[in-house]
Amino acid sequence: MSQRTKQAQPLRSSEPIDDKSRIWSSLAPHASLPKDTEDIIEEATKPLEDIRDAMSRPHVQKSLNNNMLEIMAWDLMELMTTENDYNQHIRRFLNILLGDDPDTAHLELIDSNNMQDVSLRDQLMQLVQESLSRSDEFLYRVSESRDRVAFAIEQRTQLKSQLDKVAANATKRRD
């Protein structure tokens, strides 16, 4: 069967769409990697000879100079700001339901003589309190995550500074 005939026929589910574009094929699970991928892996796993060697490797430079951690920290801060605004609305609503809001305390929102209204208010307050509790927990966890990302940024900055100093000293010694 020629290539043209095979392409004109519909593909069977067991046939791969394009073997050449895949790194791994189910028909040949132990197929070799493309040459450029092998070169990248070999370069990344080659033993370091000295600090200058580490600083000259592109993947080390990319790791030390990328701004993904800063972007994550920024996004987490934006998320915290948005969630905090939502949290404040929930708190205000709960204060209104409890009658603790000074702006609405003079209003009687629920007829305390009507047990059905009181029961519904209690159910609503429970739901609002659960929502507030979940929002508080979410804020706590996002804040903890942002703190850890900020710590990783600081560690990366310190590591880069130390590597630069060691590399500079190694260069002076060789000269």
Side-chain angles (χ1 to χ4, degrees), residues 10-19 21-27 29 31 33-34 36-37 40-41 43-45 54-55 57-166:
L11 291 173
R12 294 184 189 105
S13 61
S14 62
E15 293 179 17
I17 294 172
D18 182 10
D19 277 337
S21 65
R22 295 183 179 193
I23 292 175
W24 181 81
S25 170
S26 61
L27 300 176
L33 295 171
D36 59 338
T37 304
I40 292 169
I41 292 171
E43 175 67 24
T45 58
M55 295 304 290
R57 293 197 183 178
H59 61 277
V60 172
Q61 287 296 323
K62 186 176 181 180
S63 297
L64 292 174
N65 293 326
N66 75 21
N67 65 345
M68 292 307 296
L69 290 174
E70 286 82 358
I71 291 170
M72 284 176 63
W74 178 264
D75 288 346
L76 289 169
M77 183 56 80
E78 288 291 316
L79 186 59
M80 285 172 52
T81 303
T82 303
E83 185 65 24
N84 191 48
D85 291 344
Y86 174 71
N87 189 294
Q88 295 305 315
H89 290 297
I90 295 172
R91 285 185 192 285
R92 175 110 197 278
F93 183 53
L94 185 59
N95 284 337
I96 291 170
L97 288 175
L98 292 170
D100 294 340
D101 184 54
D103 297 333
T104 60
H106 63 282
L107 302 174
E108 189 165 328
L109 300 173
I110 303 292
D111 182 10
S112 55
N113 295 328
N114 185 342
M115 294 309 287
Q116 186 177 5
D117 284 352
V118 171
S119 174
L120 289 173
R121 181 198 63 196
D122 291 344
Q123 289 176 1
L124 180 60
M125 283 188 346
Q126 183 179 2
L127 289 173
V128 172
Q129 285 173 336
E130 286 176 16
S131 179
L132 182 59
S133 175
R134 289 182 180 140
S135 178
D136 287 340
E137 178 68 19
F138 182 72
L139 278 170
Y140 170 76
R141 293 193 184 273
V142 171
S143 176
E144 286 292 311
S145 297
R146 188 181 184 288
D147 290 346
R148 289 186 176 133
V149 169
F151 182 69
I153 291 169
E154 181 62 31
Q155 285 183 320
R156 184 192 63 201
T157 302
Q158 289 176 4
L159 175 64
K160 185 177 178 184
S161 174
Q162 290 172 357
L163 287 174
D164 287 342
K165 286 178 186 176
V166 169

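Predicted model only: the values in this text are computed from it and were never measured. Scope of the values below: all heavy atoms of this structure, side chains included, with no hydrogens, waters or symmetry mates. In this chain, numbering begins with 1 at the start of the sequence shown.
Of the inter-residue distances, the one linking N84 atom CG with H89 atom NE2 reads 10.0 Å to the nearest 0.5 angstrom. Atom NZ of K165 is separated from atom CG of L163 by 11.5 Å, given to the nearest 0.5 angstrom. A distance of 10.0 Å separates CE of M68 from NZ of K62, quoted to the nearest 0.5 Å. Separation of atoms CG (L94) and CD1 (I90) is listed at 9.5 Å; rounding is to 0.5 Å. Residue Q126 holds its CD atom at 12.5 Å from CG of L97, rounded to the nearest 0.5 Å.
Within the 4.5 Å cutoff, side-chain heavy atoms of I153 are placed close to those of V149. In this structure the side chain of E70 reaches within 4.5 angstrom of the side chain of R156, judged on heavy atoms. In this structure, the side chains of F138 and R134 stay at 4.5 Å or more apart for every pair of heavy atoms. Using a 4.5 Å heavy-atom cutoff, the side chains of W74 and N67 are not in contact.
Considering every non-hydrogen atom in both M125 and L98, the closest pair reads SD-CD2, 3.5 Å.
Screening residues 81-98 for salt bridge (Lys or Arg N to Asp or Glu O under 4.0 Å), with sequence neighbours left out, gives R91-D136, R92-D101, R92-D103.
Checked by atom type and distance alone, the side chain of S131 never pairs as donor or acceptor with a backbone atom of L127 at under 3.5 Å. Judged by distance alone, the side chain of S145 and the main-chain N or O of R141 form a donor-acceptor pair under 3.5 Å. Of the possible donor and acceptor atoms, one in the side chain of T81 sits under 3.5 Å from a partner among the backbone N and O of M77. For the pair S143 (side chain) and L139 (backbone), a donor-acceptor distance under 3.5 Å is absent.
No hydrogens or angles considered: a donor-acceptor pair under 3.5 Å links the side chains of E154 and Q158.
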